[in-house]
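Right, one structure below, let's go through it.
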Amino acid sequence: MTALDAPAPTEPSQPPIADPSPGDAGPAEGRSWLGIAERVGRTVLRWSVLVVCTLAVFSAFLVARGAEPLAVLESMWTTSFGTRDAFGETLLRSTPILMAALATAAPARAGLFNLGGQGQLLLGAIGAIVVANWLDGGAGTVVTLVSMGLGGMAFGAAWAAIPAVLKVVTRTNEAISSLLLNYIAALIVTWLCFGPWKDPTSLGQAYSRKLTGPESLPIVWGQRVNIGIVVALLAAVVVWVLLRHTTWGFKLWVLGGNPSAARRAGLAVGGLSIAAMVAGGALAGLGGMLEVAGTEGRLRPELLAGVGFIGFLASWLAKHDPLRAILASVLLGAIAVGGSGLKITAGLSGAAVNILMALVLFAVLGWGTRPEGANDR
Amino acid sequence: VVNGVSARSADGNARIHDVTFLVQPGELVGIAGVSGNGQRELLDAVLGVLPLEQGEIHIGGTDLGRGGRPRRALDAGAVVVPEDPVNDAVVGGLVILEHLALNGQRLPTRGPRIDWRAVRDSVAERDVAERLNLAPLGRQVSTLSGGNIQRVVLTRTFLVDDPTLVVAAYPSRGLDIASVRATQQLLLERRAAGSGVLVLSEDLDELLALADRIVVLHHGSVAGIVEPSSTDRQEIGKLMIQGAAA
């Protein structure tokens with residue numbers, strides 16, 4: 001059979017960077033009903049086993065700590081999804097996680113490890129407040145919020161540009177440099193909260209003034225859920241479209257899949273690398289703005305603590321697919337919210353849910369990776 | 001034009017030194033040498049991948065400068081069959097159609113998207129894919145055998161119209177007899193159409209059959225430049241093994 005005997009795909013396949021292993025299932029097999037049914041069956045079976053095993057290991061941990069597993073899991077479920085407000089809290093917690101996941105996913109498509117989502121979130125929050133302070137309530141709600149979003153994106157992008165440029169110019173490992181920048185960002189936030197931005201009415205507490213009026217995101221659901229979750233979902237869709245259906249996205253796929261091939265094909269490897277990291281930083285920066293203008297309302301030293309890293313996990317859980325990252329972020333957000341009830345129901349530290357997060361990550365990355373190639377996605 | 005070029009591989013372990021030769025339009029020049037004597041470095045220097053320590057390379061009048069910028073060589077009209085297609089051309093997960101777009105030319109676009117129809121039309125309008133017995137365009141390249149991967153990189157190279165320079169490293173590697181003949185015929189057609197053709201090969205019979213001149217590399221330097229009509233395998237073999245001292 002020659003090249004023109006078989007129809008070519010109307011759109012190119014999209015390879016997962018983390019899963020370049022060759023497979024033997026061709027496109028024809030992937031399109032047949034039998035093949036689809038077999039794949040769905042295998043997927044359901046695999047994920048069922050994963051869920052059961054993960055919960056079994058976590059339950060063993062709970063038993064070892066003297067807790068009743070079923071009661072704890074039921075409590076976590078109720079805390080995360082049991083009521084309208086509970087689900088709202090899960091959505092609120094998921095919003096910055098999703099933005100941090102997107103900040104990981106875009107660079108990952110270019111083969112880059114952005115571990116600096118935490119710092120980029122914080123710089124985004126700072127950028128948003130800088131703009132809010134500059135406008136000083138003198139603009140309407142839309143102008144103010146859009147400007148704050150752009151400010152957050154600019155600050156996050158600039159923060160991400162540092163490891164990107166270092167990577168391209170000096171070949172510094174971007175994972176290390178972006179990770180270390182998180183600590184600098186946290187120190188900047190602390191300095192601002194204790195210093196120039198300290199709210200004079202805080203009675204000694206270290207935080208900035210409360211963002212109010214046009215500086216606050218409108219509530220769209222229940223008592224607390226603001227429009228930030230909508231923005232985050234839109235961002236995920238936009239990133240998905242960019243990565244899957246644009247020339248830029250294709251170039252990132254090539255770069256992430258084989259940098260040598262990308263270079264020899266004449267792609268601007270350095271420029272693409274910087275662009276991918278900067279785009280990731282901008283997304284995280286927007287996430288920081290959404291948090292500070294929405295849920296938190298002000299800058300605190302503990303703002304978004306650990307969220308950047310949870311977002312990193314979410315991206316890996318989703319294999320850097322922006323749409324899957326939505327589900328991964330809600331899952332991890334739910335686990336994080338569910339952990340808040342552990343102290344009361346089981347006498348456990350809320351940090352115990354970190355074990356569940358780790359188990360989920362290990363399960364998905366360790367056992368959930370399919371042996372097939374990318375072509376049967 | 002490759003004039004007095006010295007370059008070193010990225011790891012610094014291999015280098016070419018003071019290499020000079022000329023590939024005229026409508027001429028096919030072979031590069032012979034025992035594997036590991038600088039062929040890859042020469043290829044990378046001509047493509048602009050390796051920065052030059054000294055010397056200069058011109059492709060169709062375009063000076064590649066200090067090298068290190070493949071885009072410059074590609075924009076000057078160079079097309080390349082890489083020495084190691086698996087490591088230098090295959091992108092995991094992409095299908096053949098997508099690889100055909102990565103031929104060094106500007107990606108065909110329609111708005112913000114790649115114009116895949118244009119890529120398919122480019123294949124359909126030419127007989128290269130049939131002549132090389134290319135696998136279906138929807139196949140994952142990472143699932144192909146070495147020979148079929150070679151067909152992919154050959155096809156994408158020969159899909160480019162009127163290149164200034166065709167650089168083909170071991171073009172017949174992994175192919176069956178029919179595909180070898182088709183490949184050699186395509187190289188000769190490019191030469192006849194006025195392109196300069198540079199072929200790296202360890203197959204002396206292939207070089208003797210195709211080349212107008214053969215540059216023999218030994219330890220990264222030019223051991224000799226011979227014409228097939230006035231030499232034989234033994235003489236080239238001696239140059240390959242013993243260098244200019246032969």
Side-chain angles (χ1 to χ4, degrees), chain A residues 1-31 109 111 171 241-242 244-271 372-377, chain B residues 44 47-49 69-75 80 82 84-117 119-120 123-124 128-130 132-144 151 155-156:
Chain A
M1 186 160 58
T2 61
L4 300 178
D5 292 337
T10 54
E11 288 298 331
S13 65
Q14 299 295 352
I17 285 172
D19 185 18
S21 56
D24 55 5
E29 180 188 337
R31 281 193 294 269
R109 288 304 182 196
R171 296 177 186 252
V241 169
L242 284 174
R244 280 225 171 216
H245 295 292
T246 68
T247 305
W248 183 70
F250 178 72
K251 290 177 178 177
L252 291 189
W253 285 107
V254 174
L255 175 57
N258 188 336
S260 175
R263 190 155 188 248
R264 288 162 191 275
L267 302 187
V269 170
E372 295 88 356
N375 54 334
D376 61 351
R377 278 155 41 98
Chain B
D44 285 350
L47 180 57
V49 173
R69 295 167 63 186
R71 184 75 261 162
R72 204 163 183 171
L74 297 167
D75 283 345
V80 180
D84 184 355
V86 172
N87 287 318
D88 293 336
V90 173
V91 181
L94 292 190
V95 300
I96 291 176
L97 176 72
E98 293 160 315
H99 280 80
L100 296 183
L102 294 169
N103 58 9
Q105 307 298 295
R106 302 285 177 177
L107 290 167
T109 56
R110 190 176 54 199
R113 308 170 61 142
I114 292 180
D115 188 354
W116 296 108
R117 181 180 298 278
V119 181
R120 277 196 299 277
V123 178
V128 175
E130 282 86 354
L132 291 171
N133 198 24
L134 185 69
L137 299 181
R139 281 285 299 275
Q140 290 281 320
V141 172
S142 57
T143 67
L144 300 177
R151 287 183 175 88
T155 301
R156 78 179 191 185

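Lettering of chains follows the sequences in order, A, B, ..., and the numbering in each one begins at 1. As the structure is a prediction and not an experimental result, all values here were calculated from the model.
- Minimum heavy-atom separation, B:Arg113 to A:Thr247: C-OG1, 3.3 Å.
- Separating the CG atom in B:Asp44 from the CZ atom in A:Arg264 is a distance of 4.0 Å, to the nearest 0.5 Å.
- Minimum heavy-atom separation, A:Ala265 to B:Arg71: O-NH1, 3.7 Å.
- Looking at A:Asn258, its side chain never comes within 3.5 Å of a backbone N or O of B:Gly92 through a donor-acceptor pair.
- Contacts of B:Leu74 with chain A are made by side-chain atoms alone, with heavy-atom separations under 4.5 Å and no backbone atom involved.
- Your options are B:Asn103, B:Ile96, B:Val90, and the one with the most heavy-atom pairs under 4.5 Å with chain A is B:Val90.
- Neither the backbone nor the side chain of B:Asp75 comes within less than 4.5 Å of any heavy atom of chain A.
- At a 4.5 Å heavy-atom cutoff, B:Val119 makes no contact with chain A through either its backbone or its side chain.
- In this structure, the portions of B:Asp88 lying under 4.5 Å from any heavy atom of chain A include both its backbone and its side chain.
- There is no contact between B:Val141 and chain A, counting heavy-atom distances below 4.5 Å.
- Between A:Phe250 and B:Leu102, some side-chain heavy-atom pair lies under the 4.5 Å cut-off.
- With a 4.5 Å cut-off on non-hydrogen atoms, B:Val80 does not touch chain A at all.
- If you tally non-hydrogen atom pairs under 4.5 Å between each of B:Ala89, B:Gly111, B:Ala101 and chain A, the highest count goes to B:Ala89.
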